[in-house]
Engineer: 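First, the structure itself, so that you have it in front of you.
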Amino acid sequence: TSITLGEKKQCHCQCTPIDWTTAHCIQLRTEQNIDMGLVVTETHANGLNASCPAGTKATGCSCGNTRGSYLIHGQITCQCLTPDAGWTKAYCAKPADARYGLHCQFRKVSANPVQATSGLVAVGCSCGNSCNSYTLSNNQCKCHPGCGSTWTAINECRVAKTPAAIAAEKAA
């Protein structure tokens, strides 16, 4: 699959499962400007919370019964905000190269649109009022006006070498 994310050049992603939305199928550039593919998995849980397996970070979430509002806690746990969501999915990723790690942060603000922090890439959005209608482009999240959303959330990530990889390079 080839996608364009924001202002980045076209990327070639190898995402699993194959029906994962292209908004979440991403490649991030490392701090050293190396294209880095991500290994992507998803977890599914009944109820309002789903967590990513060890070593991965949540890059996005889905909520059952067409309930779109969610929060991400601690980079790994998706929480659907509507009590009747029924189920929750967490979309989880890690760099394909084990020398790198993925850092994500989830910001919820009362502004619309929300631009990704400098040095990070927007990989997911959430809107208030159980709205699942947004645009993710130009490295920003924009909730559609018809939702009446009172907040916009952005999940933004970057890839960086792990401390162990940096130490190994220095020792070599």
Side-chain angles (χ1 to χ4, degrees), residues 1-16 20-43 50-63 68-79 81 89-128 131-144 149-166 169:
T1 304
S2 294
I3 64 159
T4 302
L5 179 64
E7 301 167 343
K8 296 221 166 280
K9 293 181 181 176
Q10 197 170 42
C11 300
H12 298 284
C13 301
Q14 297 178 359
C15 291
T16 55
W20 212 42
T21 63
T22 56
H24 292 110
C25 177
I26 57 173
Q27 277 195 339
L28 301 175
R29 287 196 174 273
T30 67
E31 292 170 343
Q32 293 75 28
N33 215 25
I34 301 167
D35 280 329
M36 176 63 59
L38 298 179
V39 176
V40 179
T41 59
E42 71 178 40
T43 60
S51 293
C52 291
T56 64
K57 306 290 184 189
T59 56
C61 311
S62 294
C63 303
S69 296
Y70 64 82
L71 300 175
I72 298 176
H73 301 285
Q75 299 188 62
I76 60 168
T77 301
C78 291
Q79 176 193 9
L81 297 179
K89 280 188 183 179
Y91 300 100
C92 310
K94 66 180 179 180
D97 185 332
R99 296 174 300 160
Y100 293 86
L102 182 65
H103 170 76
C104 298
Q105 64 182 27
F106 186 81
R107 292 189 298 126
K108 177 182 160 191
V109 297
S110 57
N112 189 34
V114 178
Q115 187 71 36
T117 304
S118 178
L120 301 177
V121 176
V123 297
C125 307
S126 182
C127 306
C131 175
N132 197 25
S133 182
Y134 61 82
T135 301
L136 173 59
S137 65
N138 297 320
N139 216 24
Q140 72 177 6
C141 291
K142 181 177 183 180
C143 296
H144 294 164
S149 177
T150 56
W151 54 265
T152 305
I154 185 169
N155 195 31
E156 48 196 10
C157 300
R158 69 177 168 83
V159 173
K161 281 194 175 178
T162 64
I166 293 169
E169 284 179 2

Engineer: Between Q140 and V114, is any pair of side-chain heavy atoms under 4.5 Å apart?
Structural biologist: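 Counting from C-beta outward, Q140 and V114 never come under 4.5 Å.
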Engineer: Any luck finding a side-chain donor-acceptor pair between S51 and T77 under 3.5 Å?
Structural biologist: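 T77 and S51 do have a side-chain donor-acceptor pair below 3.5 Å.
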Engineer: When you compare the side chain of T117 with that of R107, does any pair of heavy atoms fall below 4.5 Å?
Structural biologist: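 With C-beta onward as the side chain, the pair touches.
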Engineer: Roughly how far, to the nearest 0.5 Å, is CD of Q105 from CD1 of I154?
Structural biologist: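 With rounding to 0.5 Å, CD1 (I154) is 9.0 Å from CD (Q105).
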Engineer: Rounded to the nearest 0.5 Å, how far does CZ of F106 lie from CD of Q75?
Structural biologist: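 Taking CD in Q75 and CZ in F106, the distance rounds to 12.5 Å.
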Engineer: Look only at the side chain of T152 and the backbone of A111, and say whether a donor-acceptor pair between them is shorter than 3.5 Å.
Structural biologist: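 Yes; judged by distance alone, with no hydrogens or angles, the pair exists.
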Engineer: Working to the nearest 0.5 Å, report the span between CZ of R158 and CG of L102.
Structural biologist: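 It is 9.5 Å, given to the nearest 0.5 Å.
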Engineer: Go through the steps to decide whether C143 and C125 satisfy the test disulfide bond (SG atoms under 2.5 Å apart), and finish with yes or no.
Structural biologist: CA-CA 8 Å; C143 296; C125 307; over 6 Å; no
Engineer: Any heavy-atom pair between the side chains of Y134 and P113 that's under 4.5 Å?
Structural biologist: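 Not in contact.
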Engineer: Starting at CD1 of I72, measure out to SG of C78 and round the result to the nearest 0.5 Å.
Structural biologist: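 Reported to 0.5 Å precision, the distance equals 5.0 Å.
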Engineer: Hey, could you give me the CG/SG distance between N155 and C61, rounded to the nearest 0.5 Å?
Structural biologist: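 Going from CG on N155 over to SG on C61, the span is 7.5 Å.
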Engineer: Are any side-chain N or O atoms of E42 and backbone N or O atoms of K89, one a donor and one an acceptor, separated by less than 3.5 Å?
Structural biologist: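 Checked: no pair found.
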Engineer: Distance check, rounded to the nearest 0.5 Å: S118 atom OG versus E156 atom CD?
Structural biologist: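 It comes to 10.0 Å.
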